[in-house]
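The structure appears right after this line, and notes come after that.
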Amino acid sequence: MERKNRTYTLLEDSESDGETARERGKEKKSKDRDKGKKRKHLRQKRDESPSSSEEDSKKRSLCYSFNLLDAADPQIWISSCDGPPSNNNIVSSYFLQESEPELSQAEKQKQSLQEVRRSLPIFPYRQDLLAAIRDHQILVIEGETGSGKTTQIPQYLLEDVQYKLSGTRMKIGCTQPRRVAAMSVAARVAQEMSVKLGNEVGYSIRFEDCTSERTILKYMTDGMLLREFLTEPDLASYSVIIIDEAHERTLHTDILFGLIKDIARFRPDLKVLVASATLDTERFSCFFDDAPVFRIPGRRFPVDIYYTKAPEADYLEACVVSVLQIHVTQPAGDVLVFLTGQEEIEACCELLQERCRRLGSKISELIVLPIYANLPSDMQAKIFNPTPPGARKVVVATNIAETSLTIDGIIYVIDPGFCKQKSYNARTGMESLIVTPCSRASANQRAGRAGRVAAGKCFRLYTAWAFKHEMEETSIPEIQRTNLGNVVLLLKSLGINDLIHFDFMDPPPHETLVLALEQLYALGALNHLGELTKLGRRMAELPVDPMLSKMILASEHYKCSEEILTVAAMLSVNNSIFYRPKDKVVHADNARMNFVVPGGDHIVLLNVYTQSGYSTQWCFENFIQFRSMKRARDVRDQLEGLMDRIEVELSSCSGESVPIRKAVTAGYFYHTARLSKGGYKTVKHQQTVFVHPNSSLFEEQPRWMIYHELVFTTKEFMRQVIEIESGWLLEVAPHYYKNKELEDSSSKKMPRKQGKAREELG
DNA sequence: TCCCGTATG
């Protein structure tokens with residue numbers, strides 16, 4: 001195993017920081033805590049022969065980490081315990097991986113665990129790290145994957161004498177971007193500390209709080225800590241907050257940055273650690289008032305990087321050929337191919353299988369396996385099966401394999417350099433998902449996947465020039481690519497009124513904030529001064545988007561809260577409820593048609609939920625994603641549990657459609673479209689939009705519709721629509737709609753099928 | 001006429 005030289009660097013600029021922090025501390029003690037204040041395509045050409053490029057000056061050698069313990073890198077994936085094993089969420093567990101069949105003495109096991117701990121790259125830095133944490137309130141930790149930072153730093157703190165002596169024992173909180181990471185890391189640390197998971201060491205994720213009063217170390221998702229701000233705006237029960245995987249720049253992590261930087265000012269006793277992979281640590285340091293950076297190396301095997309000599313036009317074909325070349329010319333080792341989505345992956349797998357069939361016995365066995373988030377779990381699990389001797393495994397993946405899961409045995413990575421990226425246009429309120437060149441950081445992450453178990457090779461299907469000049473250094477942070485309605489409501493409820501001047505590390509587009517504020521005002525969540533109303537406060541209690549929240553609150557008036565809770569839960573997973581594999585499109589579409597009822601897609605979703613048998617078998621037969629159904633049930637249960645708090649009584653309209661659609665309208669009146677020549681026009685922006693072909697109303701043409709979301713793919717599509725009557729708009733939002741707006745001036749000529757759906761409703 | 005990259009509360 002090759003290791004990079006261990007270098008210890010502690011960048012220090014702010015000599016007076018400790019001083020001022022202490023002074024602030026004195027100030028704080030004398031005053032009451034003021035909680036109210038808180039608040040190009042890269043044209044590509046494949047190398048003729050990847051292995052023959054020794055002389056190629058473009059060949060690079062990078063080192064990447066070998067990772068046993070990092071949060072983002074689960075090594076073994078097993079089915080979760082609850083429910084049938086085949087179709088559940090896959091859950092990782094270091095715990096099971098570590099437990100050996102021979103039941104030797106617990107003592108012996110404990111010893112070997114401590115040996116493993118001492119062998120981690122971070123171990124030699126233990127004392128310096130503790131000293132740095134003692135001397136600085138905020139510390140940026142640059143730790144490569146596999147350094148052990150996620151599991152070890154909290155333990156070092158807990159073992160440290162200083163920490164033990166520092167008065168009241170308060171919690172250490174450590175955030176992770178993903179649920180599985182929070183769970184598996186907590187399990188690992190509990191094992192290392194010989195405590196029961198949920199006692200001293202626990203985790204907190206949505207739907208699952210595995211902590212107790214004894215918990216002093218809590219791993220959690222970043223979104224969960226954000227929610228905790230609502231009940232504890234100064235995080236008083238924490239003495240240390242660790243923001244892990246900060247480089248991923250998730251929406252929630254970015255908001256946490258601003259909030260934590262703020263509370264750190266009047267809580268000098270709070271220690272903040274921002275842990276990130278290499279890259280960007282200077283930016284974190286800069287944002288946190290020049291906080292020092294502490295560097296820890298990781299463990300890694302070298303990965304040779306190969307580029308193409310010229311751009312390649314057809315990267316799918318290039319992938320297929322590259323895989324086959326590796327298979328024929330390279331020593332044993334599995335291959336990981338990064339593509340952008342389900343369709344590409346299915347096409348690639350088909351091509352590979354077809355060519356292998358044609359080559360027949362001339363080549364050894366090639367096992368081709370797809371993986372993407374929407375693939376049913378039992379099919380996902382196949383990628384973790386060990387490759388039989390003599391065969392080679394090829395995993396064709398989306399960027400799910402970039403951070404969310406790790407496959408053992410990968411030696412070769414093929415990277416065409418693209419990914420699908422969501423963007424949000426605040427002027428139209430439209431989302432789009434577009435294939436774009438990925439960032440250099442992303443490309444390096446992909447390459448690193450080849451160097452986990454041994455030295456590896458990464459074949460980049462673009463030129464070294466393109467890598468250097470056409471790719472961005474890092475990806476655009478999520479906060480700049482997404483609708484912020486939810487975030488704005490949360491910040492408002494934390495008492496942060498001036499969002500335009502909120503301390504964002506990378507501020508979102510101005511229009512995004514303005515649209516979010518505008519919509520919250522229209523919903524009645526904000527008054528004309530931009531302050532939260534009573535309604536707004538109730539809306540903020542629910543972990544859903546503002547319009548959905550308003551819809552739920554409105555359902556009380558229409559006596560259909562039971563149904564609306566279901567609709568809300570189903571909408572929150574709607575993009576993946578119907579399973580539609582390419583080879584069974586007809587069957588899948590027929591199965592879906594069986595659920596169609598009049599009124600629109602929301603009513604269809606309600607119908608699916610009502611009819612759904614809680615079994616994998618039922619889901620399989622009806623082309624429904626079991627995982628999504630399970631999630632919908634979880635969301636619904638959670639929301640139902642919150643109804644008390646927001647004072648909504650549970651009631652049912654026995655599935656009658658009009659009250660349900662009126663409640664939806666009360667939340668989504670901003671999303672109205674009216675029939676016009678050649679499609680629909682949104683009422684507020686006069687934008688031409690179309691009914692999505694998957695909609696139950698695709699062939700109907702009701703005059704007025706409410707859409708759940710607007711997405712641009714090949715056209716401007718409304719996804720999830722219901723039919724409404726224009727009069728309802730005046731009923732639910734008289735402050736927003738004028739009678740004049742709703743007059744039908746343009747519809748002298750009625751389209752063929754107009755009104756059909758309504759007749760059926762009776 | 002479709003196409004859902006990945007997460008999260």
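Convention: sequence-line order gives letters A, B, ...; per-chain numbering from 1.
- Of the candidate nucleotides B/dC4, B/dG5, B/dA7, B/dA7 has the atom nearest to the side chain of A/Ile400.
- When heavy atoms are screened at a 4.0 angstrom cut-off, A/Leu251 is found touching no nucleic acid atom at all.
- One can place CZ of A/Arg249 at 17 Å from C1' of B/dT8, the figure rounded to the nearest angstrom.
- Here B/dT8 is the nucleotide among B/dT8, B/dG5, B/dT6 with the atom lying nearest to any side-chain atom of A/His252.
- Projected onto DNA chain B by closest heavy-atom contact, A/Pro693 and A/Phe712 fall at different nucleotides, the more 5' of which corresponds to A/Pro693.
- Considering only the side chain of A/Phe698, B/dT1 comes nearest among B/dG5, B/dT1, B/dC2.
- Among the protein residues, A/Phe717 comes within range of the sugar-phosphate backbone only, with heavy atoms under 4.0 Å from sugar or phosphate atoms but none that close to a base.
- At the phosphate of B/dT6, neither OP1 nor OP2 sits under 4.0 Å from any side-chain N or O atom of A/Ser404.
- Scanning atom types as modelled, one donor and one acceptor separated by under 3.5 angstrom connect the side chain of A/Arg580 and the base of B/dC2.
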Stepwise, does the side-chain contact (heavy atoms from CB on, under 4.5 Å) test hold for A/Met547 with A/His671?
-> CA-CA 10 Å; A/Met547 292 187 199; A/His671 283 180; 3.6 Å; yes

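- Contact check for A/Leu571 versus A/Gln720: side-chain heavy atoms found under the 4.5 Å cut-off.
- Across all strands, A/Val544 comes closer than 4.0 Å to base atoms (heavy-atom distances).
- Counting only heavy atoms from C-beta outward, the side chains of A/Ile577 and A/Met570 approach each other to under 4.5 Å.
- For the side-chain contact (heavy atoms from CB on, under 4.5 Å) test with A/Tyr203, the passing option among A/Glu208, A/Arg179, A/Lys218 is A/Glu208; the others fail.
- Closest to the A/Lys422 side chain, of the nucleotides B/dC4, B/dG5, B/dT8, is B/dG5.
- A salt bridge links A/Arg636 with A/Glu640: the closest approach of a Lys/Arg side-chain nitrogen to an acidic carboxylate oxygen falls below 4.0 angstrom.
- Nucleic acid contact class of A/Gln421 (heavy atoms, under 4.0 Å, all strands): none.
- The NZ-C1' distance, from A/Lys420 to B/dC4, rounds to 7 Å in whole Å.
- Checking B/dC4, B/dA7, B/dC2 against the side-chain heavy atoms of A/Arg719 singles out B/dC4 as nearest.
- If you check every strand for non-hydrogen atoms under 4.0 Å, A/Arg227 touches sugar and phosphate atoms only.
- Of the charged side-chain nitrogens involved, at least one lies within less than 4.0 Å of a carboxylate oxygen, so that A/Asp634 and A/Lys630 count as a salt-bridged pair.
- Counting any heavy atom pair closer than 4.0 Å across all strands shown, A/His692 reaches sugar-phosphate atoms only and no base atom.
- Between the P atom of B/dA7 and the CE atom of A/Met183 lies a distance of 15 Å, rounded to the nearest Å.
- A/Phe690 comes within 4.0 angstrom of nothing in the nucleic acid, heavy atoms only.
- Rounded to whole Å, atom P of B/dC2 lies 14 Å from atom CZ of A/Arg592.
- When each of B/dT6, B/dA7, B/dC2 is scored by its nearest atom to the side-chain atoms of A/Tyr372, the top-ranked nucleotide is B/dT6.
- Nucleic acid contact class of A/Leu433 (heavy atoms, under 4.0 Å, all strands): base.
- In this structure, A/Ile371 atom CD1 and B/dA7 atom P are separated by 10 Å, rounded to whole Å.
- When the P atom of B/dC3 is taken as reference, atom CG of A/Leu375 falls 19 Å away, rounded to whole Å.
- Regarding A/Arg627, its CZ atom lies at a distance of 12 Å from the C1' atom of B/dC4, rounded to whole Å.
- Taking 4.0 angstrom as the limit, A/Thr714 places a side-chain polar atom (N or O) nearer than this to OP1 or OP2 of B/dC2.
- Look at A/Thr250 and you won't find any side-chain N or O under 4.0 angstrom from OP1 or OP2 of B/dA7.
- As judged by a 4.0 angstrom heavy-atom cut-off over every strand, A/Thr340 is placed among residues touching the sugar-phosphate backbone only.
- Aromatic ring centroids of A/Phe257 and A/Phe284 lie under 6.0 Å apart.
- Among the heavy atoms of the strands lying under 4.0 Å from A/Asn694 is at least one base atom, whether or not backbone atoms are also near.
- Here B/dC4 presents its P atom at 18 Å from CG of A/Leu605, a figure rounded to the nearest Å.
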